[in-house]
2 protein chains.
Amino acid sequence: MQAKYKTVADDIEKQVLSGLFSDTRKLPTEDELIEIYAVSRNTIRNAIDVLVRKGIIIPIQGSGMFLRSLFSDDCVNLENFLGLTKAFPNKKIGTKVLEFKEIEADEKLAYIMQCDVGTPIHYIERLRLVDNVPYVIEYSYYNKLLVPYLNMEILRGSIYAFITSDPKKQLGYVDRVIRADVLNQHDAEILGLKAGDPTLISENRAMLKSGVIFDYSIDIHNYKNTKFLKLSNFT
Amino acid sequence: MQAKYKTVADDIEKQVLSGLFSDTRKLPTEDELIEIYAVSRNTIRNAIDVLVRKGIIIPIQGSGMFLRSLFSDDCVNLENFLGLTKAFPNKKIGTKVLEFKEIEADEKLAYIMQCDVGTPIHYIERLRLVDNVPYVIEYSYYNKLLVPYLNMEILRGSIYAFITSDPKKQLGYVDRVIRADVLNQHDAEILGLKAGDPTLISENRAMLKSGVIFDYSIDIHNYKNTKFLKLSNFT
DNA sequence: TATAATTTGTCCGTATGTATA
DNA sequence: TTATACATACGGACAAATTAT
């Protein structure tokens, strides 16, 4: 059973994406939404908060709640990033599994993943393609104690979607460190680029709702087709 | 007069940074905070929300509110990015103004900044240094109708701090598109790097609380010392 | 294993303040 | 100035997850 405010937020988002408010670029007022969804003001405001955090709307006191105009297409919105499949729903996502084996966490990995040395870890290398163009190489480590079962079938799709399909394993937090660097020969070949070319790198730690780290991954992005979008609110 | 929940949030953040909760890595409970600050539960929860969005704490239902452990130092946290001065309070920030002139918005710039063609614009090029090492070249455009007055003195410090010192000009929203690219000869020389090296680029639009764009800027970062940190919540 | 206590999450109602139109 | 619409703040009640007993 989902929370009311989440249901309302999802519904409003759907309507925004369907273009229902494209003419005025303005949402109904809070009071109107209270009537429409027959919930309290608090619940509407919680729903609105979700949409504001996602970068979908900008509420302006005394005026109304406006659609946030975004200029950049083909961007990965860092706010709702839950894998390529959701980021590019209208594009063809391809996946090539380059490596899949079980390893044990050494001292360094154990520190990063906040687990004990020797913890069994799924190690995976994947090349992801968007519309058949190499997009990113993912080097990822999953804590096997938290994600016991993975197979090739799952690896070819969305690993996150699989893990969070278990209601006990809700995605909680993701830390990402983003930087640029020089592409090495190995990665350049896989991405179809040249050694020495730039690359956009994202190093990620993903935690469940309980705060435990279940995934650590390093994403080596094709700089020619990767753009991240960060929408901040200071209100 | 600042809102209560913001005052409370600032106070708790200060205490966190001072190391007050370093031993348990846990905040007082909501009920305790209600007593301490003598405000309603709602107000405390609003304050907590601010800290969660900033990536400072992780609340876990049934358990408590824990400090979020961050691994990466020297990162710019995209969540609270308000200029280098605040991002690196303990480091020496240097600024070299390379260019400062008034221009008129052409069609392209007018589109980007959502203003009329011919609008007067401050055009500024700055090199920013952190601990005397070149950190970023900023090419920025300020709408002169919204930011009438700038001078060299201001440009050598924090432009944002100056603008938002006017209570009528509160910073509202910032959109950032982040990507990697190849450094050109001109920028490489200024940053003390080589043409062809990678660079981390951030293209930004900053809006006031009223939603109007007052600043558009392109930041060419030194890839050797720039890392962005993105903390996401999916709860 | 089961129960109770603790702690955060959701939801409701109401009142007043503040910015905009 | 007045009306509109979002922002802040207070209060209470119950649900859900975790921790202690």
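Below, read A as the first sequence line, B as the second, and so on, with proteins coming before strands; counting in each chain starts at 1.
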Check step by step if ring-ring contact (aromatic ring centres under 6.0 Å, His included) holds for Tyr141(B) and His122(B). CA-CA 6 Å; Tyr141(B) 303 82; His122(B) 294 293; over 10 Å; no
note: Tyr5(B), atom OH; dT18(C), atom P; distance rounded to Å ~ 13 Å
On DNA chain D, more 5' by nearest nucleotide between Gly62(B) and Ala38(B) is Ala38(B)
Taking the nucleotide of DNA chain C with the nearest heavy atom to each, does Gln170(B) or Val39(A) sit closer to the 5' end? Val39(A)
For a quick check of understanding: with a heavy-atom distance under 4.0 Å over all strands, which category does Ile48(A) fall into, base, sugar-phosphate or nothing? nothing
Find the distance Asp49(B):CG to dT8(C):P and express it as a whole number of Å. 14 Å
Of Ser210(A) and Ala3(B), the one whose closest DNA chain D nucleotide lies more 5': Ala3(B)
Which whole-number value in Å describes the distance from Asn233(A) CG to dA7(D) C1'? 15 Å
Do the side-chain N or O atoms of Arg41(B) get closer than 4.0 angstrom to the phosphate oxygens (OP1, OP2) of dC10(D)? no
Ion pair present between Lys91(B) and Asp74(B), side-chain N to carboxylate O less than 4.0 angstrom? yes
Under a 3.5 Å limit on both distances, the Watson-Crick or wobble mate of dT1(D) is none
Rounded to the nearest Å, what distance is computed from the CG atom of residue Asn46(A) to the C1' atom of nucleotide dC6(D)? 15 Å
Length of the CD-C1' vector between Gln2(B) and dG17(C), whole Å: 16 Å
According to a strict under-4.0 Å criterion, is Ser63(B) in side-chain N/O contact with OP1 or OP2 of dA17(D)? no
Whole Å only: how far is the CD1 atom of Ile58(A) from the P atom of dA7(D)? 12 Å
Base, sugar-phosphate alone, or nothing: which one does Lys209(A) contact when heavy atoms must sit under 4.0 Å apart? nothing
Can you measure Ile34(A) atom CD1 to dC6(D) atom C1' for me and round it to whole angstrom units? 11 Å
Distance (rounded to the nearest 0.5 Å) between Ile178(B) CD1 and Arg179(A) CZ: 14.5 Å
If you pin Phe66(A) and Arg45(B) to their nearest nucleotides in DNA chain C, which one's is more 5'? Arg45(B)
Is it the case that the ring center of Phe228(B) lies less than 6.0 angstrom away from the ring center of Phe228(A)? no
Atom CD of Glu30(A) to atom P of dT18(C): distance rounded to whole Å? 17 Å
Phosphate oxygens OP1/OP2 of dC10(D): is one of them under 4.0 Å from a side-chain N or O of Thr43(B)? yes
Answer yes or no: does a side-chain N or O of Lys26(A) lie under 4.0 Å from OP1 or OP2 of dA5(D)? no
On the side chain of Gln61(B), is there an atom forming a donor-acceptor pair with the base of dA16(D) - under 3.5 Å, no angle test? yes
Distance from Ile58(B) atom CD1 to Leu51(B) atom CG, nearest 0.5 Å? 12.5 Å
Give a yes/no on whether any side-chain N or O of Ser40(B) is located under 4.0 angstrom from OP1 or OP2 of dC10(D). yes
Supply the atom-to-atom distance Glu30(A) CD to Arg45(A) CZ, rounded to the nearest 0.5 angstrom. 5.0 Å
